[in-house]
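A quick write-up on the structure given underneath.
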Amino acid sequence: MKKLVACLLVLLMLTGMVTIAGAESAREGYVNTGKLQYDLNHEVNNGEDMTLEFWVQVELAETYQKWCDAYTALHPNIKFNITQGSNEDHFKKLGMALPAGSGPHLFHMHNSFIDQFMVNLKPYDPAVFPLDDLREDYIFVDESLYGGNMYYQGLAVMSCGVFYNKQMWADAGLTENDIPKTWDELAEVAQKLTQYDENGNITVAGFNYNEMSMEYLITALHYHLGVPMFGADGRTPVFNDGFKKCVEWLRDLYTEKKVGSVELPMSILSFSQGTSAMTYIGTWFGNWMKVNAPDIEYGFFILPSVDGNPAPAYDRSNIEVSPSINANVTDAEYAVINDFLCYLLSNDNFVLDFALKQYGTPTKKCLIDNPDVQADEVLGTTARYMDRLIYPGAYPDVYHSTIKKYFYDEVMLNGMDIQEAMDACKEEIMDAMETTEFVSEENKYPHADELVFE
C-alpha cells in the first residue's frame with residue numbers, strides 16, 4: 001500500500017511538473033508588442049472545465065491545433081475539439097448547421113460568407129476588443145466592421161501583381177532597374193520579352209492575361225485612374241470612359257503591340273510551362289509556383305501606375321480572417337471564446353503563423369517588417385505597398401466572373417464592341433446585385449479622397 005501511495009504521489013508530481021513546463025512553454029511562445037493586451041495568468045471560467053467545438057479547414061488545422069494546445073497549457077480547464085474539413089465541405093456543413101441552431105462554438109471563417117452567415121453569428125465582445133486598440137495594432141479594422149460590430153478581424157492580406165521569369169528577364173538583357181514604373185514601360189518590357197518563331201507566331205508571350213487575369217487587371221488599372229469598383233451608393237458598378245480606356249489598353253497589348261495571344265494557354269499554366277515571361281495574377285500564385293513549378297525562379301512587382309506617380313490605389317486586396325462565433329453559444333462559452341480570441345489576436349506569433357500558412361502578408365503592423373515576411377519576394381513586396389491596396393469588401397463573385405465573360409470571352413475572343421460589352425456587363429451585374437446585401441467598403445480606404453465616387 002505504501003508503495004502504491006508513493007507511486008501515486010510521484011505520478012502526481014510528474015503530472016504537475018509537465019503541466020508547469022507546458023504552461024511555461026506556452027508563455028514563451030506568446031509575444032505581444034501591440035496595444036491589445038492579454039493576461040497570461042488570469043483564471044478562465046472560474047477554473048471550471050469546458051470543451052469548445054472548433055471547426056477549421058484542413059489547411060489550417062495544424063496551426064490552430066498548435067495555438068489551442070498552447071492556450072490549454074495556460075488554462076488546463078479549457079479544451080478544444082477540432083474538426084477538420086476541406087474548404088467546400090467546411091462551409092457547406094456550416095451553411096446547414098448554423099441556421100439549424102447547431103454547429104460548432106467557433107469556426108474558421110471567410111469574409112465571402114458574411115452575408116450568408118451574419119444572422120447566425122455573435123459579434124466579438126467590444127469590452128475585450130476595444131476598437132481603438134485594434135486600430136493601433138492592425139490595418140483593415142474598420143473595413144471588417146458591420147453595423148459597428150466585429151465578427152472577425154483580418155489577419156493576412158492577399159492582393160495581385162506581376163510575376164516575371166527571372167531567367168527570361170536576364171536573357172533579354174533586363175535588370176532590376178528595368179522594373180517598370182508606368183503602363184508604357186510595362187508594355188515596352190513586355191515587347192523585349194516576347195519571342196516569335198520564323199512565321200511571326202508568338203512562342204513566348206511577354207505578357208499573358210488569358211482566361212483568369214484580365215477581369216482583375218481591368219479593375220486594378222481603373223483604380224490607377226482614381227475610379228473605384230462601385231459608385232457612391234456602394235452597389236452600382238462603375239463602367240465609364242476610364243474603364244473603356246483600360247480595356248482598350250489591354251486589348252492593344254495583344255492586337256497592336258503583339259506581346260501576347262489568346263491562342264496561348266491560360267496565364268498561370270503558360271507561365272509555369274515557360275511560354276509566358278510575365279503574367280498578372282493573385283499573390284497566392286507565388287505559393288502555387290513553389291509547389292507546381294519549383295524549378296522556375298520568378299520575381300514579382302506591383303502593377304505600375306499610369307505615369308510613375310503613386311496611384312490612388314495600386315490594386316484591390318482581400319483578407320483571410322480570424323474565427324467567428326456561433327450566435328447560439330451560452331454566456332459562459334461566449335466569455336471563454338472571446339478570451340481565447342484575445343489570446344490569438346494579441347499574440348504576434350500566432351498572427352505570423354496564420355499569415356505565413358495562408359501565404360498572406362500579416363495585417364498586424366508590427367509584423368510587416370518581419371524577416372520571414374520580407375524574405376519572401378511576394379509577401380515582402382505586398383507589405384511595402386499595403387497603404388495603397390484597397391479592400392472593397394466581400395463583393396459577389398459574379399462581379400469579376402461577368403467582367404471575364406464580356407471582356408475576355410466576348411471582346412477578346414469574339415470581337416464584341418467594347419461599349420456594347422460595358423452596357424451588357426453592367427446590366428447583368430446590377431441584376432445579380434439585387435439578390436445580395438453587399439455594400440462596398442471602398443469609402444473606408446485611407447486614401448478614398450483620391451478616388452472619384454460617381
Side-chain angles (χ1 to χ4, degrees), residues 110-119 140 142-148 151 154 158-160 212-251 282 303 305-306 311-319 388-412 416-454:
H110 192 276
N111 57 3
S112 61
F113 289 90
I114 188 63
D115 282 350
Q116 178 182 346
F117 292 166
M118 174 72 78
V119 69
F140 295 130
D142 290 299
E143 291 90 334
S144 297
L145 300 179
Y146 295 86
Y151 296 89
M158 285 76 170
S159 188
C160 295
M212 62 180 304
S213 295
M214 187 180 183
E215 61 268 35
Y216 303 109
L217 256 171
I218 300 170
T219 300
L221 296 174
H222 212 197
Y223 277 138
H224 292 190
L225 300 180
V227 184
M229 290 167 56
F230 299 93
D233 64 354
R235 290 180 55 82
T236 304
V238 179
F239 293 91
N240 57 14
D241 288 342
F243 191 95
K244 185 176 183 179
K245 175 182 177 180
C246 297
V247 177
E248 290 172 339
W249 188 82
L250 289 173
R251 182 193 59 189
L303 195 67
S305 65
V306 181
Y314 281 97
D315 219 316
R316 65 185 180 85
S317 62
N318 198 17
I319 48 177
R388 288 282 174 176
L389 299 176
I390 185 169
Y391 174 59
Y395 57 87
D397 289 340
V398 70
Y399 176 87
H400 274 122
S401 64
T402 307
I403 289 178
K404 175 188 178 297
K405 170 184 172 181
Y406 283 101
F407 298 101
Y408 182 76
D409 298 348
E410 294 297 341
V411 171
M412 294 301 298
M416 188 178 191
D417 176 74
I418 294 178
Q419 185 61 53
E420 183 183 350
M422 286 171 57
D423 294 341
C425 186
K426 181 175 182 178
E427 181 178 356
E428 191 165 320
I429 292 175
M430 289 186 69
D431 286 345
M433 288 286 288
E434 291 300 317
T435 65
T436 79
E437 297 181 4
F438 167 78
V439 178
S440 171
E441 304 286 337
E442 291 169 304
N443 61 352
K444 297 178 181 177
Y445 171 57
H447 305 287
D449 60 335
E450 298 179 33
L451 300 173
V452 178
F453 290 88
E454 299 182 356

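Worth knowing before you read on, the calculation uses all heavy atoms, side chains too, and leaves out hydrogens, waters and symmetry mates. Residue indices begin at 1 and follow the sequence shown. Because the structure is predicted, anything quoted here is derived from the model rather than measured.
Taking the side chain as every heavy atom from C-beta outward, T436 and V398 never approach each other to under 4.5 Å. F239 is listed as a side-chain neighbour of I403, based on a closest heavy-atom distance under 4.5 Å. Side-chain contact between N240 and H222: present, with at least one pair of heavy atoms (C-beta onward) separated by less than 4.5 Å. Residues S317 and F140 form a side-chain contact, since some pair of their non-hydrogen atoms from C-beta on lies under 4.5 Å apart. The shortest side-chain heavy-atom distance between P312 and H447 does not fall under the 4.5 Å cut-off. Side-chain contact check for F407 versus M422: some heavy-atom pair is nearer than 4.5 Å.
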Practice problem: Take Y391 and N111, measure what side-chain contact (heavy atoms from CB on, under 4.5 Å) needs, and give me the verdict at the end. | Solution: CA-CA 12 Å; Y391 174 59; N111 57 3; 2.8 Å; yes
Practice problem: Please report the C-alpha distance between M214 and K404 in whole Å, then the side-chain angles of each, then the deciding distance to 0.1 Å, and finally whether the side-chain contact (heavy atoms from CB on, under 4.5 Å) criterion is met. | Solution: CA-CA 7 Å; M214 187 180 183; K404 175 188 178 297; over 6 Å; no
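Y395 and E442 share no donor-acceptor pair across their side chains, judged by distance under 3.5 Å alone.
When atom types are taken as modelled, the side chain of K444 and the backbone of D142 share a donor-acceptor pair closer than 3.5 angstrom. Using modelled atom types, no side-chain atom of R235 and backbone atom of F230 make a donor-acceptor pair closer than 3.5 Å.
Atoms OG1 and NE2, from T219 and H400 in turn, are 3.0 Å apart once rounded to the nearest 0.5 Å. The distance from the CG atom of L221 to the CZ atom of F243 is 10.0 Å, given to the nearest 0.5 Å. Here CG of D233 is found 10.5 Å from CG of N443. Values are rounded to the nearest 0.5 Å.
In this structure, H224 and A313 approach most closely via the heavy-atom pair CD2-O, 3.2 Å.
For an aromatic pair to be called close, the ring centres must be under 6.0 Å apart, and Y151 with F117 fails this.
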